[in-house]
Each structure stands twice: as structure tokens, then as C-alpha cells.
Amino acid sequence: MKKLSLLSMAVLAGALLLAPEARASNDEAEIRDLLARWAKAFQARDLDGVMAVYASGDQLVAYDIVAPLQCAGREAYRKNYAEFFAAYEGPIVCEMRDLRIVAGRDVAFLHCIERIGGTLKGGQKSETWIRATTGLRKIKSKWLFVHDHISVPVDFATGTALLNLKP
């Protein structure tokens, strides 16, 4: 009986040691799926689909590429997305490069470089590479975006955004 108990304890201890790696792998897969759902909705200009990946209420804070300086809350950020989508005709292209995900037990972040492009109202073609960092929290066992930070480099000598840089 003692041998069985020691064996059981050894198996349990081994499982506990391996659990963080298995959990991290599963968390990363869940976050990649969440990001893929966001990208699909974004490219289709599906506002409800985009907002479905964000935390509710005031849990969300975003620093977007356009004014205002800060979007506090889901409704404020939804308004920013609606205005952005309204500037385009048809689908919007979103390509992500150099994606990195780091996930803890209930907090994670991802960062990448994104190419955003499409046709603006009036027919003008638009393409810009941006820097994106997203913070996530696991809320009720579900990963959700709680923070976005979107930026472009700036030429401080002229005060202009460098929208034509490419990786």
C-alpha cells in the first residue's frame, strides 16, 4: 500500500510540474484563436464581432492611433472602431508580423507589427504599418482583450507621423 501511495504521489507531483507548460500552451492557443476571430471581424468591418473579444464596461482602456488620447471603456472604443470602419469602402486588410504572445495564469500580452490597408471613401488607397500591443485578462475562465496600444513612429524634428515605413 505504501508503494502505491508513493507512486501516486510521484505521478501527481510530475503532473503538477508539467501542468504550467501544458496550461501555457493551451492559453497561447486560446489567445491565438481570439486574435484570429478579431482579425476576421476586423477585415469584414464587423463591429459586433470585433467588440466580442474585448472585456465589458470600464475594464477596457485603449490608446488608439487616432484621437482621443485615451478610450476608457468599451463603448468609447466601440465608437473609435465605428468611425474607423466608416472611413473605408469594402474590406480592410490586416496582416500581422512578428507576433509574440506571453501568457501567465490570468494575464497575458501580445505584440506585433500590423499592416492595415484598404480603400478609403473617395477611392484613395491606404496602407500603413503600425505597432500593436494588446493586454489580456482571463475573466471567468475566458481570455479577453483589456488594453490596446496602437502607435506609429514619429519624426520629432517635423512632428509628423511616419506612416510610410515598412518592415
Side-chain angles (χ1 to χ4, degrees), residues 27-156 158-167:
D27 287 337
E28 184 173 333
E30 288 178 25
I31 291 168
R32 284 184 183 277
D33 179 63
L34 187 70
L35 186 58
R37 286 188 282 137
W38 172 87
K40 182 178 179 181
F42 181 85
Q43 291 178 31
R45 297 173 36 201
D46 173 4
L47 187 55
D48 290 334
V50 165
M51 296 311 297
V53 304
Y54 287 96
S56 62
D58 63 354
Q59 297 179 70
L60 174 62
V61 174
Y63 305 141
D64 208 348
I65 197 168
V66 295
L69 191 56
Q70 172 180 291
C71 287
R74 185 180 168 122
E75 289 309 310
Y77 205 27
R78 181 183 181 91
K79 181 180 174 194
N80 259 34
Y81 268 112
E83 290 174 7
F84 179 82
F85 290 157
Y88 285 84
E89 294 177 2
I92 300 172
V93 174
C94 179
E95 173 190 351
M96 294 177 208
R97 287 197 188 167
D98 304 326
L99 175 64
R100 177 143 188 235
I101 298 171
V102 177
R105 184 170 301 280
D106 60 357
V107 176
F109 73 90
L110 63 88
H111 58 83
C112 64
I113 298 173
E114 292 180 15
R115 179 175 64 95
I116 306 295
T119 303
L120 296 168
K121 297 266 171 112
Q124 180 185 353
K125 299 288 183 190
S126 170
E127 179 178 280
T128 303
W129 284 92
I130 61 172
R131 304 174 295 196
T133 302
T134 298
L136 301 95
R137 288 191 53 217
K138 192 176 268 190
I139 301 170
K140 297 181 182 176
S141 301
K142 182 178 171 185
W143 286 107
L144 293 169
F145 295 178
V146 294
H147 179 72
D148 275 344
H149 190 128
I150 309 299
S151 67
V152 295
V154 173
D155 179 342
F156 283 105
T158 64
T160 58
L162 300 174
L163 300 175
N164 60 346
L165 296 180
K166 295 179 179 11

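When reading the values below, keep in mind they use all heavy atoms of this one structure, side chains included, and skip hydrogens, waters and symmetry mates. Quick caveat, the model's predicted, so the values are computed rather than measured.
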Euclidean distance, Glu75 CD relative to Asp58 CG, rounded to 0.5 Å: 12.0 Å
Can you say whether the rings of His147 and His149 are parallel (under 30°), tilted (30 to 60°) or perpendicular (over 60°)? perpendicular
Do the side chains of Arg32 and Glu28 get close enough for a salt bridge, i.e. N-O under 4.0 angstrom? yes
Has Arg74 got more than 12 heavy atoms of other residues, nucleotides or ligands less than 6.0 Å from its CZ? yes
Would you call Glu95 and Arg97 a salt bridge, using N to O less than 4.0 angstrom? yes
Got a second to check how far Lys40's NZ is from Cys94's SG, nearest 0.5 Å? 14.5 Å
If the plane angle is over 60° it's perpendicular, under 30° parallel, otherwise tilted; pick one for Tyr88 and Phe84. tilted
Near Lys121 NZ, under 6.0 Å, is it more than 12 heavy atoms from other residues, nucleotides or ligands? yes
How many angstroms lie between CG in Asp48 and OH in Tyr81, if you round to the nearest 0.5 Å? 13.0 Å
Just by modelled atom types, is the Trp129 backbone N or O under 3.5 Å from a matching donor or acceptor in the Lys166 side chain? no
Is it true that a side-chain atom of Arg45 and a backbone atom of Gly90 form a donor plus acceptor pair closer than 3.5 Å? yes
Roughly how far, to the nearest 0.5 Å, is the CG atom of Leu136 from the CG atom of Leu110? 5.5 Å
Flag for Ser151-Arg131: side-chain donor and acceptor within less than 3.5 Å: yes
Do the side chains of Ser126 and Ile92 get nearer than 4.5 Å, heavy atoms only? no
